[in-house]
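These notes are about the structure you will find just below.
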Amino acid sequence: MITTALIQKLKQGNVSEDTQKTGQRVQALWHTASATQKQSICDVSGNARPTIYGIVKTGRISVKLLLVMSQFFHVDPLYLTGQVDSPGAHSEAEAEKLLSRLGYDKLLIEQENAVRHAQRETAKSKKTAA
């Protein structure tokens, strides 16, 4: 599960495979987004709107913004990087595979452990409350 906490730990380096496609696709999706969606993307990623416009101009996208945009626009992250031509749909499993391929295995394991710990704590508190 990719959470906001995990997203905040991701690096800002470029992961675009085809900068021209990335710029065009981000621009098209950004123009169709509502003001609320745009603000949410900026809030979750921790980036300002000028960063988004920079992606449109340069075609360079960070893994952090890639995952956030993929989630909010419900498209395959590989579509945004220019690796596939079909927008597909966002999938947690595919996003995790991408993170693993980019070297974020340790963060994924930490996130999984944190989720399990939170679930155990919730179960314990329910037992004591009953």
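All figures in this text were calculated on a predicted structure; none of them were measured in a lab.
Asn47 meets the side chain to side chain contact (heavy atoms under 4.5 Å, CB included) test with Gln12, Ser45, Thr51, Lys64, Leu65; sequence neighbours excluded. The salt bridge (charged side-chain N to carboxylate O under 4.0 Å, His left out) search around Lys124 returns Glu121, not counting sequence neighbours. Under the salt bridge (charged side-chain N to carboxylate O under 4.0 Å, His left out) criterion, Arg120 pairs with no residue at all, not counting sequence neighbours. Not counting sequence neighbours, Gln37 has no partner by the side chain to side chain donor-acceptor pair (under 3.5 Å) test. Applying the side chain to side chain donor-acceptor pair (under 3.5 Å) rule to Glu112 yields the partners Arg116; only residues at least two apart in sequence or on another chain are considered. Take Gln27 and apply the side chain to side chain contact (heavy atoms under 4.5 Å, CB included) test, not counting sequence neighbours, and it matches His31, Val56. Qualifying side chain to side chain contact (heavy atoms under 4.5 Å, CB included) partners for Thr32, counting only residues two or more places apart in sequence or in other chains: none. Considering only residues two or more places apart in sequence or on other chains, Leu29 meets the side chain to side chain contact (heavy atoms under 4.5 Å, CB included) condition with Phe73, Val75, Leu80. When the side chain to side chain donor-acceptor pair (under 3.5 Å) test is applied to Thr3, the partners found at least two apart in sequence or on another chain are Gln111.
Considering every non-hydrogen atom in both Val15 and Val63, the closest pair reads CG2-N, 3.8 Å. Smallest separation of non-hydrogen atoms from Ser40 and Phe72: CB-CE2, 3.4 Å. Nearest approach of Gln71 to Ile2, heavy atoms of both residues: NE2-O, 3.9 Å.
Annotation: side chain of Leu102 is not in contact with side chain of Leu10 (no heavy-atom distance under 4.5 Å). Put simply, the side chain of Tyr104 reaches to within 4.5 Å of the side chain of Lys11, judged on heavy atoms. Taking 4.5 Å as the limit, some side-chain heavy atom of Leu66 sits within range of a side-chain heavy atom of Leu98. When side chains are defined from C-beta on, Gln39 does not count as touching Thr36, because their heavy atoms never get closer than 4.5 Å. Looking only at side-chain heavy atoms (C-beta outward), Asp76 and Ser91 stay at 4.5 Å or farther from each other.
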Is there a side-chain contact (heavy atoms from CB on, under 4.5 Å) between Glu110 and Leu107? Walk through the geometry before answering. CA-CA 5 Å; Glu110 288 174 10; Leu107 280 179; 3.6 Å; yes

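A side-chain hydrogen bond (donor to acceptor under 3.5 Å, both in side chains) with Ser16 holds for exactly one of Thr58, Thr22, Thr81; it is Thr22.
Among pairs with a residue in residues 40-57, none fulfils salt bridge (charged side-chain N to carboxylate O under 4.0 Å, His left out), at least two apart in sequence or across chains. Residue pairs that meet the salt bridge (charged side-chain N to carboxylate O under 4.0 Å, His left out) test with at least one member in residues 77-96, sequence neighbours left out, are Lys21-Asp85, Arg25-Asp85, Glu94-Lys97.
Atoms CD1 and CE, on Ile61 and Met69 in that order, are 5.5 Å from each other to the nearest 0.5 Å.
Hydrophobic clustering keeps Ile7 apart from Val115 (ILVMFWY residues linked when any side-chain heavy atoms are closer than 4.5 Å, directly or through intermediates).
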